[in-house]
Amino acid sequence: MSKMVLHGIWLSGPTYKAGLAMALMGQDFAYKHVDLRAGAHKEPGYLEINRYGQVPALVDGNLKLCQSGSILLHLAEKFGKMGGKTPDEKARVREWLFWEYDRLAPNIYRPRAIKRGFMKAEDSVYKMYVGMANDALKVLDGELAKHPFLVGDSVTVADVGVYGDVHYAGEAEIDLAPYANIKGWMGRIEKLAGFKKYEDVLPKQDAA
Ligand SMILES: N[C@@H](CCC(=O)N[C@@H](CS)C(=O)NCC(=O)O)C(=O)O
């Protein structure tokens, strides 16, 4: 069986989510660096893999899959890991992933892009995103006061999806100090077997 191939760039939060999930599941993968600055994500060959012209993409045999949330759910299903133990838990995992796409990812990734100079915006726009991120972080912090992980009693891909947003709060200059439950949960994730930081899970060039 050939290895799954993750296409992405090491600075990409959604690519990190896919790489981190595979690391936590103990799954090896090959890696293709997609040079966004050179426009490699809009080249016809890459668009055959990801029609949206974005990273990440995961090639698993004949399946070419994009959207990090969809990749996380695919991995959970394929390996029977981190997907929730019951139908109710699986539904809750999906709910968290849809929520983070809506409320958390844009409101952390965009101010991060502004602060890192990948995106230009007025300060009022930066502040609007940070305000919405804090609204979402308050909800998350409240939920994490009740459970060690988001769904059930162990880590799921819902945690990976949400962690892959919150991990970048510092680069977005969003202060996590008011969120003790989030910080405790991040610490639990970072202690899991297989956990790696994004710099360690995503190579800076192709890897077999
Ligand atoms: N919802 C997508 C977002 C992917 C995304 O925004 N990728 C960025 C890099 S982090 C990208 O490819 N940007 C280039 C573009 O959109 O043209 C996911 O979670 O996979």
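Note that the structure is predicted; figures quoted are calculated from it, not measured. Excluded from the calculations below are hydrogen atoms, water molecules and symmetry mates; all remaining heavy atoms, backbone and side chain alike, are included. Index from 1, following the sequence. Just follow the structure's listing: the first ligand is 1, and inside any ligand the first atom is 1.
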Undergrad: Quick one: do Arg92 and Glu95 make a salt bridge, cutoff under 4.0 Å?
TA: yes
Undergrad: Hey, quick one: are Val5 and Leu47 part of the same hydrophobic cluster, counting side-chain heavy atoms closer than 4.5 Å, chains of contacts allowed?
TA: no
Undergrad: Could you identify the single nearest non-hydrogen protein atom to atom 16 (O) of ligand 1 and state the distance to 0.1 Å?
TA: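 In this structure, atom 16 (O) of ligand 1 has Gln54 NE2, 3.0 Å as its nearest protein heavy atom.
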Undergrad: Of all the heavy atoms in Tyr109, does at least one lie under 4.0 Å from an atom in ligand 1?
TA: no
Undergrad: Are Leu63 and Leu72 connected in the hydrophobic side-chain network, where two residues link if heavy atoms are under 4.5 Å apart?
TA: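 Cluster IDs for Leu63 and Leu72 match.
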Undergrad: Give the atoms of ligand 1, by number and element, whose distance to some non-hydrogen atom of Pro56 is under 4.0 Å.
TA: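 Those qualifying, in numeric order: 20 (O).
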Undergrad: Touching ligand 1 at all, Lys17? Heavy atoms, strictly under 4.0 Å?
TA: no
Undergrad: Quick one: look up the protein heavy atom nearest atom 13 (N) of ligand 1 and list residue, atom name and how far away it is.
TA: Leu36 CD1, 4.2 Å
Undergrad: Over 60° means perpendicular and under 30° means parallel, so classify the ring planes of His7 and Tyr46, tilted if in between.
TA: tilted
Undergrad: What are the atoms of ligand 1, with element, lying closer than 4.0 Å to any heavy atom of Lys42?
TA: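 Going through ligand 1 atom by atom, the ones under 4.0 Å from Lys42 are 15 (C), 17 (O).
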Undergrad: With respect to Thr15, which candidate in Leu202, Val201, Ile71, Leu58 satisfies the side-chain contact (heavy atoms from CB on, under 4.5 Å) definition?
TA: Leu202
Undergrad: What's the shortest distance from atom 10 (S) of ligand 1 to any protein heavy atom, and which residue and atom give it?
TA: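 Ranking protein heavy atoms by distance from atom 10 (S) of ligand 1, first comes Ser12 OG, 3.3 Å.
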Undergrad: For atom 14 (C) of ligand 1, find the nearest protein heavy atom and state the residue, atom name and distance (0.1 Å precision).
TA: His41 CD2, 3.6 Å
Undergrad: Report, in ascending order of atom number, the atoms of ligand 1 lying under 4.0 Å from any heavy atom of Ser68.
TA: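 Listed by number with element, the hits are 18 (C), 19 (O), 20 (O).
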Undergrad: Between His41 and Asn50, is there a side-chain heavy-atom distance shorter than 4.5 Å?
TA: no
Undergrad: To which protein heavy atom is atom 1 (N) of ligand 1 closest, and what is the distance rounded to 0.1 Å?
TA: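 Nearest protein contact, heavy atoms only, for atom 1 (N) of ligand 1 is Gln67 OE1, 2.7 Å.
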Undergrad: Please determine whether residues Tyr101 and Tyr16 belong to a single hydrophobic cluster, defined as Ile, Leu, Val, Met, Phe, Trp and Tyr linked transitively by side-chain heavy-atom distances below 4.5 Å.
TA: no
Undergrad: Given that the side chain starts at C-beta and the backbone is N, CA, C, O, which of these parts of Tyr101 lies under 4.0 Å from ligand 1, counting heavy atoms, or is it both or neither?
TA: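 The answer is the side chain.
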Undergrad: May I ask you to say whether Asp165 pairs ionically with Arg103, meaning some side-chain N is under 4.0 Å from a carboxylate O?
TA: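 No.
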Undergrad: Within a strict 4.5 Å, meaning less than it, do heavy atoms of the Thr156 and Trp96 side chains meet?
TA: no
Undergrad: If you count the atoms of ligand 1 from 1 in the order shown, which ones are under 4.0 Å from a heavy atom of Gly53?
TA: 15 (C), 17 (O)
Undergrad: Suppose we measure from atom 7 (N) of ligand 1 to each protein heavy atom; which comes out shortest, and what is that distance?
TA: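 Result: Val55 O, 2.8 Å.
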